[in-house]
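Hydrogens, waters and symmetry mates play no part in the numbers below; they use all other heavy atoms, side chains included. We count ligands from 1, going down the list as the structure has it; atoms in each ligand are counted the same way.
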Amino acid sequence: MKKVITFFALSLAIVAKGQDVLQLNELEYFERQGVNVLVFSNSFNGGFNDEKNSGIEIIHHGVRTVQGGAVRLNNTPEQWDLVPKMTDRKVDRANGSIEVTMRYDDYDFNSRVVVTAKGKAVEMAVWLDKPVPEKLAGEAGFNIEFLPSQYWLKTFTMDGRLGRLPRYATSQTITRPNSEKLRQFKGFKTYDDRGTERFIDPLPIETGYSLSMATDDPLRLVTITSDVELKLYDGRMLAQNGWFVLRSVLPAGKTGKVITWIVEPHAVPGWIREPNIGFSQIGYTPEQPKVAVIELDKKDQPQATASLMRIKPDGTAEKAFEGAVQSWGPYFKYNYVKFDFSAVKTPGVYYIQYGQTKTNDFLIDEHVYDKITDATTDVWVPIHMNHMYVNEGYRTWHGEPFKEGYLQAPESDHFDLHRQGASTDTKYQPLELIPGLNIGGFFDAGDFDIETGSNINVVQNFIRTWELFKPQRDETFVSQKQRYVDLHRPDGIPDILQFIEHGTLNLVAQAEQIGHMASTLSNSILDNYHHLGDAASITDGLHYDPSLNPYEISADGKRSGTPDDMWAFTTRSPQLDLRAATMFAAASHALKGYNDDLAERALTQSKRLMKEATDIIAQRTAARNRQMEDFSWLDGSENNRMDSQLDKKRQKLMERSRKNREQLGDMATNLQLYGATQEQQYLSNFEKQIWDALELNLAGNMQTALDAVPYLDEAFKQKLRPYVEKYEQYIKGFDTNNPYGVPIGLGNWAGVNMVLNFGITVNYAHIYFHDIVGKDEVYRVANWLYGCHPYHNYSFVAVVGAARPKQVFYGNNRADFSFIPGNVAPGLLFRKPDHFENYDDWPFLWGQNEGTIAGNTQYIIFGSSLKKIVGE
Ligand SMILES: [Ca+2]
Ligand SMILES: [Ca+2]
Ligand SMILES: [Ca+2]
């Protein structure tokens, strides 16, 4: 160890000059070419508790490979273990250091981490003003975490001993009594101890004072030396989404500077990030615009030209086109140039050659968009059908889940952000079986609950697709009687009708059995919420009987003492009931002639919920003081500064909109009700509201206005024209906002819904006003989705036709580093202050890789409308 430190000190002295060393930059992180060290640019937020996105992070040669640097209370913190709250962050430019104060309220425990640039390395030091609280002694430590997919199979040395980091977790563990387990998020438990009253604690892979990670890979090499023992763990022992964890336990009874690590991420001399050539992996039609966006390292010198190469039938390549590379400019941390090869219109197989970089090949052909929705409708959607056995060829995707049904949720504060109030708002006692809910519905996303709001969206998205595009595709066998779904087996019924039916079956059952809509049907225990595997094995399928012992099964084999039954959260929301009423009206319309009985039941519930919810809202409104948040929905993305006169005008508009909304109901709901019932009053309610809404938030309300075009006359269309003209300017505005020409989200859920919404609106604007919004505009979102975006150029959609779709998604099969075909990833996750990422070797970050049922059915509308336009 001594030797290493001496060598280290020497190397510091030699290269501590200019740009070779880590320096604190304007954006408050440490930077040298190839290495960024971020210190709480992103803090732990506790929403889903630890999304592996926070604390001290290292972006190493363009990849965020280290995060989670903080004082933590576990050897390998899981999601739902407590995270520290950042209470202070100080940037000291003079000394080149960042200091962060962290706090654990549960233990009244404060600590500070000070990160200081020291040549090519940083010093990470932990300071305590008071000794570690007794309860945390031996448990609290300073941790950082390494991304397994970037480190597995690589070599490491600890104090000179050799090792190789494992592809799969097989290190050793001990168990400890639950009394020693520190409290997890809201007091939940992530584990089932099988009655042992003991929890699992991993043992380290290695311990020592000097560690080199990835000695065989200069891009990933990081050396760490410490004055307190280092322990290297494999976080995957407890949870598949765990990382390699390096930690030093805080010494008990000490104050002051208690731990000092020297961390040096190696930088490859002269390294420049490989250009990321963004293009559509689906390919292009001959007539459409074709522009590649090339993402360049700031230090990279742009090429003057790029070429489009054509692969001939004999396998050789020839230059089809050479064109100038146009500068777009900087956007966050990279520089962007564009290569326009729209001139090439001959069908064929092509690739882009830019300097030394050559892309994979893609097609130019009339038919490239023909199959873009097929994987989503034929595979992704049916696999997410709940309460069914789903088969595909030789493979079972899942058995029939939740056979024991759903219990009335007791009062609770749930881990998936749901809440059951003190009153159930139903005739059921807490934990009483609510009959008839285990039918129909779709799994929410990478989890298995039925989010009612999302399921309402799903049914509406299917209805919208059905009513506008009437897809007759039949590739799925659905038997509600057998509770069986078979993929790729036609049964004579358009699949989309069967999907509408399946969603409606669950939602009607909620309305009939509960009396109103549940907020969710979800897991009762955290241990089966993070389930990865066959949905049918989440619960034991037996009714919970508290008179039996846990894990005991009754003599008749029908009940068990394991409290794993799912819960229905039933606190009444009249707003949700109204949304359901609208959807039921539309579903009734769509299902008529296919399933008349269900259509009738849906209509009955629609009318009843509409009346009851309206009454409840009226009562509540009368009793409630108005709050500003009531019209926050109106205040959209246009935050231009306005003078006070405009402000006044706007306030007046907002006030009128609010009143109209209160008296006439939501305008989009009115429009949908008109579509479902053809009753004139709904249409006039809509017309009274739409113009104010467009004045207040053009981008946010344009879709609703366009949805009305088929129902209204030419005069409406003429009145809408100037708004569409303004919207066209809004679309074009994205060309200067960012290099990719679409709205890009910066939240902790990447913005695919926003991008899809934009794409659908542009498509509809083109369909109804093609003289204003030209056909060229409809390819913006397609380009983005299928590969023209930052970070990498893989298609975000696991879609038919893409040459290089993403390979891992946060689906329910994520533990297999796999995907479910047809999934749409949220996309680029933004990490403050300037980093976009989308891992394609690590599925477990939901903010960038999780497809949702509402988003994926929205994609079906987008894809269907795009196909219609392209086919014209
Ligand atoms: Ca969920
Ligand atoms: Ca079918
Ligand atoms: Ca059960």
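The name of the N, O or S atom in Asp491 nearest to the Ca ion (ligand 2) is OD1. Atom OE2 is the N, O or S atom of Glu451 at the shortest distance from the Ca ion (ligand 1). Looking only at N/O/S atoms, Asp495 comes nearest to the Ca ion (ligand 2) through OD1. Nearest N, O or S atom of Asp444 to the Ca ion (ligand 1): atom OD2.
Between Phe443 and His398, the ring centre distance stays below 6.0 Å. Two rings, from Trp397 and Tyr389, have their centers 6.0 Å or more apart.
Here the OG-CD distance, from Ser519 to Gln510, works out to 9.0 Å after rounding to the nearest 0.5 Å. Between Asn849 atom CG and Phe809 atom CZ the span is 7.0 Å, to the nearest 0.5 Å. Distance CZ/Arg559 to CG/Asp540: 12.0 Å, rounded to 0.5 Å. Atoms CG and CZ, on Leu505 and Arg601 in that order, are 6.5 Å from each other to the nearest 0.5 Å.
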So Lys52 and Glu145, salt bridge (Lys or Arg N to Asp or Glu O under 4.0 Å) or not? Walk me through it.
CA-CA 9 Å; Lys52 305 287 182 193; Glu145 306 195 354; 3.0 Å; yes

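Taking a cutoff of 4.0 Å between a charged side-chain nitrogen and a carboxylate oxygen, Arg194 and Asp192 qualify as a salt bridge.
Using modelled atom types and a 3.5 Å distance limit, the side chains of Arg814 and Asn241 yield no donor-acceptor pair. Defined by atom type and a distance below 3.5 Å, a donor-acceptor pair is missing between the side-chain atoms of Gln67 and Asn42.
Within the 3.0 Å limit, Ile493 places at least one N, O or S atom next to the Ca ion (ligand 2). Asp474 lies close to the Ca ion (ligand 2), since one of its N, O or S atoms is found at a distance under 3.0 Å.
Excluding waters, the set of protein N/O/S atoms under 3.0 Å from the Ca ion (ligand 3) reads Glu404 OE2, Asp540 OD1, Leu542 O, Asp564 OD1, Asp565 OD1.
Angle O (Thr476) to the Ca ion (ligand 2) to OE1 (Gln498): 90°, rounded to 10°. Note: angle at the Ca ion (ligand 1), from OD2 of Asp447 to OD2 of Asp449, is 110° (rounded to 10 degrees).
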